[in-house]
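Note sheet for the following structure.
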Amino acid sequence: MITKEAVPAAPAPAPAAPEPPRPAKRRRAWDEAPRWQIYLPLGIYLVFTLIPFYWILLFALRPAGSTSLVPWPMTFEHFEKVWTDRSFGTFFANSVLVGVATLVMTTLVALAGGYALARFDFRIKQGFMLALLCSQFVPGALLLVPLFEIFAELQMINSLGSVIIAETVFQLPLSMILISNFIKNVPYSLEEAAWVDGCNRMRAFLVVVLPLLRPGLIAVGSFAFVHSWNHFLFALMFLNNQEKQTIPVGLNTLMSADSVDLGALAAGGIIAAVPVVIVFAFIQKWLITGFSAGAVKG
């Protein structure tokens with residue numbers, strides 16, 4: 001009689017190894033804080049920040065002589081007054097010219113100097129960097145007399161070129177330091193690879209390095225533009241003709257020893273602030289990236 005061989009039973013699966021216990025997630029101090037402890041200080045700060053802006057809008061938009069806390073009925077007579085009667089259209093154009101020219105000159109010169117500081121070694125490099133840092137402690141008021149003497153010899157008094165040159169010189173030290181630190185963060189091997197491919201140093205810089213410097217250039221350029229837009233001393237000292245004055249000096253003409261036209265002054269302040277706010281609204285992403293990268297030690 002033929003019998004079937006017994007089929008051996010399959011071995012039982014080995015029990016799965018127990019998973020190691022996961023480490024408890026470390027809770028940070030601000031994760032444990034109640035929401036009101038975060039939002040309450042931020043709300044107070046926001047209120048103190050926005051109240052001055054609302055006060056300016058209130059004086060600029062409500063009729064002259066009104067004491068209402070709400071700008072209603074709304075009027076634009078103060079804007080028309082400062083733009084036409086007080087020549088703010090001319091002041092605005094002069095400020096744009098000074099700001100854009102200062103932006104371009106500061107960026108170009110700081111780009112060349114920052115590249116030299118980042119990529120070349122020379123004997124006086126450390127001393128030059130120390131001089132750049134020490135120059136930031138010198139207030140602009142101390143430069144007025146020597147700059148006035150220089151521009152007087154060059155016959156540049158009452159010329160927008162004198163203000164542009166003064167603003168550029170005043171902005172160069174910080175701009176060179178920022179761009180130098182930003183260039184140090186670009187790997188040197190990228191330029192070497194471009195040299196191997198046949199590029200000279202200038203072409204390698206323009207093709208490889210310069211596109212990576214866009215956040216830093218925007219940060220430096222915007223800082224130079226805003227400073228030259230708001231700076232008062234250089235324009236006051238070097239410009240005597242009303243047709244050559246800028247917005248900060250124009251705002252000063254709205255105040256006299258006897259009276260102050262608050263409505264016109266508020267309207268002029270809004271005209272001066274709106275372009276800067278619009279520019280920062282568009283470049284804030286690159287601005288934060290540029291300043292954070294430029295502040296990192298290479």
Side-chain angles (χ1 to χ4, degrees), residues 82-117 124 128-180 217-256 265 268-269 271-276 279:
V82 298
W83 190 263
T84 56
D85 299 343
R86 298 301 183 95
S87 303
F88 256 68
T90 303
F91 300 157
F92 187 89
N94 294 336
S95 293
V96 170
L97 178 59
V98 171
V100 172
T102 303
L103 183 155
V104 173
M105 292 180 60
T106 301
T107 303
L108 292 179
V109 178
L111 185 62
Y115 183 83
L117 292 175
I124 62 172
F128 185 74
M129 291 290 294
L130 181 61
L132 289 179
L133 291 174
C134 292
S135 65
Q136 297 302 296
F137 299 100
V138 179
L142 293 180
L143 302 177
L144 291 177
V145 174
L147 286 176
F148 187 88
E149 294 292 336
I150 293 173
F151 291 140
E153 290 292 333
L154 297 175
Q155 297 182 357
M156 295 184 64
I157 297 298
N158 202 29
S159 171
L160 291 178
S162 61
V163 180
I164 294 171
I165 294 175
E167 294 289 351
T168 302
V169 172
F170 195 75
Q171 293 298 315
L172 273 179
L174 179 60
S175 301
M176 289 179 63
I177 293 173
L178 288 176
I179 291 185
S180 173
L217 295 178
I218 292 176
V220 169
S222 61
F223 188 79
F225 176 82
V226 172
H227 187 274
S228 61
W229 181 275
N230 294 326
H231 205 190
F232 174 75
L233 285 178
F234 290 159
L236 178 66
M237 291 296 297
F238 304 148
L239 302 176
N240 301 323
N241 191 348
Q242 185 177 0
E243 296 180 356
K244 298 294 182 64
Q245 291 174 350
T246 57
I247 280 185
V249 182
L251 289 173
N252 185 58
T253 60
L254 299 177
M255 297 181 292
S256 62
L265 187 62
I271 293 174
V274 166
V276 178
V279 170

>> Rounded at 0.5 Å granularity, tell me how far CD1 in Ile164 sits from CG in Leu103.
In response: 11.5 Å

>> Please enumerate all residues that pass ring-ring contact (aromatic ring centres under 6.0 Å, His included) together with Phe92, with sequence neighbours excluded.
In response: Trp83, Trp229

>> Testing the basics here: between Ser95 and Thr246, what is the closest heavy-atom pair and its distance to 0.1 Å?
In response: OG-CB, 3.3 Å

>> side chain to side chain contact (heavy atoms under 4.5 Å, CB included) for Leu132 and Leu117? Distances and angles first, verdict last.
In response: CA-CA 11 Å; Leu132 289 179; Leu117 292 175; 4.0 Å; yes

Check: residues 137-148 side-chain donor-acceptor pairs under 3.5 Å, at least two apart:
none

> Looking only at heavy atoms, which two atoms of Ile247 and Ala272 are closest? And how far apart?
Replying inline: CG2-CB, 3.4 Å

> Do you know the tightest heavy-atom contact between Leu254 and Arg86?
Replying inline: CD2-NH1, 2.8 Å

> What distance do Thr102 atom OG1 and Leu172 atom CG have between them, rounded to the nearest 0.5 Å?
Replying inline: 10.0 Å

>> As a quick check of understanding, evaluate side chain to side chain contact (heavy atoms under 4.5 Å, CB included) for Ile271 and Phe91, giving each step before the final call.
In response: CA-CA 10 Å; Ile271 293 174; Phe91 300 157; over 6 Å; no

> For the atom pair NE2 (His231) and CZ (Phe170), what is the distance rounded to the nearest 0.5 Å?
Replying inline: 5.5 Å

>> Minimum heavy-atom separation for Ala110 and Met176, please, with both atom names.
In response: CA-CG, 3.7 Å

> Which value, rounded to the nearest 0.5 Å, describes the distance between Leu217 atom CG and Ser222 atom OG?
Replying inline: 10.5 Å

> Taking all non-hydrogen atoms of both residues, which atom of Leu239 and which atom of Gln245 are closest, and how far apart?
Replying inline: CD1-CA, 4.1 Å

Pair up each side-chain donor or acceptor in residues 152-161 with any protein partner under 3.5 Å, not counting sequence neighbours, and list the distances.
{"residue": "Asn158", "atom": "OD1", "partner": "Asn240", "partner atom": "N", "Å": "3.0"}
{"residue": "Asn158", "atom": "OD1", "partner": "Asn241", "partner atom": "N", "Å": "2.8"}
{"residue": "Ser159", "atom": "OG", "partner": "Gly161", "partner atom": "N", "Å": "3.2"}

>> To the closest 0.5 Å, what do you measure between CZ (Phe88) and OG1 (Thr90)?
In response: 11.0 Å

> Is any side-chain heavy atom of Phe223 closer than 4.5 Å to a side-chain heavy atom of Leu174?
Replying inline: yes

>> Quick check: closest heavy atoms across Ala166 and Phe238, and the distance to 0.1 Å?
In response: CB-CE1, 4.0 Å

>> Measuring from atom CE of Met237 to atom CZ of Phe151, what distance do you get when rounded to the nearest 0.5 angstrom?
In response: 12.0 Å

>> If you define the side chain from C-beta out and look only at heavy atoms, does anything of Phe232 sit under 4.5 Å from Leu251?
In response: no

